[in-house]
Each structure stands twice: as C-alpha cells, then as structure tokens.
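Report on one structure; see the data block that follows.
In the text below, chain A, chain B and the rest are named by the order of the sequence lines, each starting its count at 1.
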Number of protein chains: 2
Amino acid sequence: MDNHGQQSVKCSHCAFKALCLPSGLDDASMEQLNSIIVRRRRVAKDEQLYRAGQAFGSMYAVHFGEFKTTQVNRRGALQVTGFLMAGELLGMDAIATGAHACDAVALEDSEVCEIPYSQLGPLIGRIPVLMQHFHRLMSQEILREQSVMLFLGNIRADQRMAMFLLSLGKRYAARGFSGSRYQLRMSREDIGAYLGLTIESVSRLLVKFRNNGWIKLQQREVELLDRTSLEALAAGVEADDIETSTPARTPVRKVKPIAPQPSRVIPIHAAVAA
Amino acid sequence: MDNHGQQSVKCSHCAFKALCLPSGLDDASMEQLNSIIVRRRRVAKDEQLYRAGQAFGSMYAVHFGEFKTTQVNRRGALQVTGFLMAGELLGMDAIATGAHACDAVALEDSEVCEIPYSQLGPLIGRIPVLMQHFHRLMSQEILREQSVMLFLGNIRADQRMAMFLLSLGKRYAARGFSGSRYQLRMSREDIGAYLGLTIESVSRLLVKFRNNGWIKLQQREVELLDRTSLEALAAGVEADDIETSTPARTPVRKVKPIAPQPSRVIPIHAAVAA
DNA sequence: CGTCCACTTGACTATAATCAAGGAGGGTGG
DNA sequence: CCACCCTCCTTGATTATAGTCAAGTGGACG
C-alpha cells in the first residue's frame, strides 16, 4: 500500500514496503496492488490531506513526510489524535461511518499513496495474506490508541512526555533513522494537544529534562542522552528519585526526605504510538 | 458473529444480530457463519474470558451480559480500556500481535460466542458484505478509542462523567433497553479507572449530579432526569452556568458574578463509547 | 448481629492550568 | 545587510482542579 518509483507506482521498490505490505506477497499480487493505487499525491506543509466530515473514498499510506490527525471543537480548539510517519496508514477511522472523523495535516512537505477503498476490498478478498496484513494494521491502530488512553488517563505529565520522546525514537529507529537523535516535526502546541497538556507545560517539561541532563534540546532538535532515566520515568518512578547517569546541569538539592510512593498508576506496557 | 438458539448456534435467531452482523446476509452465508462459531461459552461474574499475553485464537461476540477490558501495570493497578455490551466484539486488539493485549473480565454472568479467527478470515474473503462489516466494526473501535482519547486529554472531570452517563444510556437504548434509566454494571472503581479519575472523584461527581437534580442515583441504579443539562455539561459549558430544569435539591448559591469563559477545550463530537 | 466491602465525605495538597510578560529565530522588506 | 515583525517558545506568579490521606456510612450477606 505504498509505492516508490518516480513515474509509475511500484510498491515493490518502495523503501517502506516492509511497513505497509505483508512479507509473503508474490509478484502477481504485488502487480494487482500497484494497479489500484491511483496515484501518489504531494501534500505541502500545513496542507490538509482531508478534513473531518469529508466523504471517505480512499485510504492513504504515508510515502514520505509526516502527518498529524486532529479533531476540532466548536470553539476552534484542536486535539491531536495521532502523528503518522512513513509507511503508516491514514483513514482507517473513516470506514465505520463513510466519512472522515478527523483532519489530516502535513507537518512537512510530504507524499502519500492513495488507495481507493472500493478497490482494496475485493483485492483483500482474493489475497489472504493481504487481508491478514490489513487487519493487523487496523488492530495496531487500536493498540496504539489504547496505549494513548492508558497514558492520558492516569499518568503524570512528565511521564507522558518521557514516553512520547522514547516512542518517537523507537518509531524513527524502525524506519532506519537514528532513534536517539531526531527532529521534532511538530510544534510544542501540537505536542500539548496530543499529550493533553498546555504548551507551557510542554515547554517546562522539556527544559526540565534538559536541565536534568536527560536530553539535549535545541529548538526542535532532540537527542536522548539518558535513556535509562527516561525509561524509569516513563515506567512510573518519580522524577526526583531518578539518579541521572549524566549529572544534572542544575543539580537541584533534594529536599524530600522520604520518597513517597508514586501516586499515579498505569505505566505503559506497549509503545506510546504505533 | 453472534448467535442465539439454545442448543445449536443460530445467528439468524439472535436478538443482537443487527449489531454484529451485516444486514444483507443471505441464508447460505449465514449458514457458513453459524458453522464456524464453535460454541457459546458462559463466563461467570468476575471471571476472565482471556488475559493479557495469552495467545490469540478467537474473537468473542458478547451474547448477553457485560464485560470490561483492563490492562495491568507492574504494581497491580488497573486501567479500564473499555466496557462491552451485547453484540460487541472482543479481541480485535489481539490481531496485530497474535496475543491478547488486555484482560477481559465479565461484570456480570455473561455469555459469548467464540469465533476462531483462522476460520473467520477465509469466510470474510468469500463474503464481501461480511468483510465490509468486519472492517466497519474495527473502524468503529478505532473511533471509540479516539473519542476516549479526546475526552481524557483535555476535558474536565465533570464533563467526562456526563459524557459517560449519556453514552451508556445511548448504548442501552440501541439494545432496546431504557436509555434514561439503567443499572451500572461496574463499580465506582472501574468507572474511575476508565475515566482517569480516582474513586473519590467519581463518587463526588455522581453526588453532585444528584444534588443538582440531573440524575437520580441509588447505589448503581441511575436515572437521567435532566438530559439537557448533562448534554450542556458534556459539550463544555461550565457546571455552575447550567440552569437546571429540575431545580437543584441543594440549590447552591451562585457566587461567581461573571461567567468566565470555559477554560478547557475539546468537547466530543462522537459518542464516548462505541 | 456483626463483618466486610463498596461507597461517601471531609480536610489538605500537589499538579498542571491560567494569566501575563518576555526572548529568540526566521523571514521579509527597505 | 540590517531592522522589523511575527511566530514559536520560555519563564514567572498565581490559582483551580482533582488527587491523597483519613474517617466514616450503609448495604449485603453470612
């Protein structure tokens, strides 16, 4: 469900086919798949690929670039429901109602492969391995959202942020990029709208992490310096109780005499995002 | 994917077939479907249908009763990720990994129809309308979780609670029960673990709603008395600014001179739960 | 009649939101 | 090339909200 090739659409040559296609796909099936991908489509930064309420016709595989999905309220405020990277599939939430449930906006200049759902169905029926793969992708999306539910529900802001940074790293690593040094493609505001925090809290947390020596931060460039501490935090250990392997730049005097047992619950057993 | 009948498994006679089966299913297809549902299975209250980590073999349609799905952390605290009623499908999150991601626990004595996934696949391939329906169900689950994400992220506790009560009513109504008077099948603790609140907050909120005259409450018996106010609250209007149509039992003196504009964002555009 | 468990209530506190100013880049136009 | 602006981000002070801790109620059930 992704493709490469400059003129013709060829999933077989795509760098990310491992992500959106099943492994045991024979040539004939691959050819059929190529034939239904009507086109690749460029989406400029900040452009909307589709909007909430629009009739659902196609799903989109991210070919390169990055997207966010958002839902708007009547006052105009946004909640970010997901960030999508190359090889991930957009539009699965629209199958239920036949209309898109969210806006999809490019965070940078991007390209997607358009897959008409009406043609995908019959093809899936004929190619079992493709069907299974498709179900797996949908199931993965369910898992991803479950894990977001978990962390939004009961988890401190600093934990959420730690999970978020680790999760991004993991996803970049899965795509062959560095998992410990990457560029945030989204604004602080987007991060806040995703994690359920205000922009000020996001800022303060990132600064705190930097001052603790856990990350390097320069604008949107992030480097994870102390994965162990971040993971401890993500797992629910209180920030003040974490011994930073790299000593804090501003070594805050510990005032607390006795560590109270961590108050909030539910670390995450799955990755924060797909 | 559901069935009725006392001895033999017959989806065609099931009271909830409209929920788990597509409408345009011919007799032959129905027969095929019946044949792969290996059995109905009784699950006693508090019994686990499956546990997180267990190998995934079958999906389960709730035939009667009610379930919760939970994920556990290492300290033993639970997060509730969903409540499931008759006609809803359990186990979609396990397709991705081949292992269940959560525990499924019966909230009361219940019964499920077991559907081996290995047999469902081929059948779906042969019956397009069934495939489409199945995809719709998965998509619906994604939508449901999106809406939970939305409300966990940015919504005040009282709004969440209002949404939750309204959503339960809607779901009971869809099943032919009263949508304004029903029994909570889950404990306050479960509600809290679902809404991301402590048990104390849940209790206080329910009492507040009752004192405002919005609901009648007696143990787990709930009656929605003032749907309008609940909906206003769910939509983001501040509780103090809502004129209760039924005057509050304890008419709290309004102190606030000027209504500040509501601070939090993101009401919900979709139902709270499936 | 007593015990247990789920729930309620109260007092206090921690956490992150809100309100309000400031920087710091990155781009544009003079 | 520099000045200006605009957006995005940071920082500080204060406050509201829901969490925590600690005692009770009140049914259900033996």
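The nearest whole Å value for the distance from the CD1 atom in A/Ile199 to the C1' atom in C/dC19 is 14 Å. Here the C1' atom of nucleotide D/dG27 and the CD atom of B/Gln183 are 14 Å apart, to the nearest Å. The interatomic distance linking B/Asp46 (CG) with C/dC5 (P) rounds to 13 Å, in whole Å. At whole-Å resolution of the value, CD in B/Gln218 and C1' in D/dT25 are 15 Å apart. Between A/Ile155 atom CD1 and D/dG19 atom P there is a gap of 14 Å when expressed in whole angstrom units. Rounded to an integer number of Å, the gap from B/Arg220 CZ to D/dA28 P is 11 Å. A/Lys208 has its NZ atom 16 Å from the C1' atom of D/dT11, to the nearest Å. Following rounding to the nearest Å, A/Phe209 (CZ) and D/dT10 (P) show an atom-to-atom distance of 13 Å.
Set against C/dC19, C/dG26, D/dC9, the side chain of A/Glu200 has C/dC19 as its closest nucleotide. Distances were taken from every side-chain heavy atom of B/Gln219 (C-beta onward) to each of D/dT10, C/dT8, D/dG27; the shortest belongs to D/dG27. Closest contact between the side chain of B/Thr198 and the listed nucleotides C/dA6, D/dT20, C/dT18 involves D/dT20. Closest approach to the A/Ala157 side chain among C/dC7, C/dA16, C/dT8 is made by C/dA16 (side chain taken as heavy atoms from C-beta onward). Of all nucleotides listed (D/dC9, C/dC7, D/dG12), D/dG12 comes nearest to the side chain of A/Arg204.
More than 12 heavy-atom neighbours from other residues, nucleotides or ligands sit within 6.0 angstrom of CD on A/Gln54.
The heavy-atom pair separating B/Lys45 from B/Asp109 by the smallest distance is N-OD1, 2.8 Å. Closest approach of B/Ala52 to B/Asp103, counting heavy atoms only: N-OD1, 2.7 Å. Of all non-hydrogen atoms in B/Leu166 and B/Arg227, the two that sit nearest each other are CD2-CG, 3.8 Å.
The side chain of A/Arg156 contributes no N or O atom lying less than 4.0 Å from OP1 or OP2 of C/dA16. Under 4.0 angstrom from either OP1 or OP2 of D/dC9 there lies no side-chain N or O belonging to A/Ser203. For D/dA18, neither phosphate oxygen OP1 nor OP2 lies less than 4.0 angstrom from any side-chain nitrogen or oxygen of B/Ser201.
Across all strands, B/Val202 comes closer than 4.0 Å to no nucleic acid atom at all (heavy-atom distances). Across all strands, A/Gly196 comes closer than 4.0 Å only to sugar-phosphate atoms, never to a base (heavy-atom distances). Residue A/Leu206 is out of contact with every strand shown, counting any heavy-atom pair closer than 4.0 Å.
B/His100 and B/Tyr50 have parallel rings, their planes meeting at less than 30° on a 0 to 90° scale where 60° marks the start of perpendicular.
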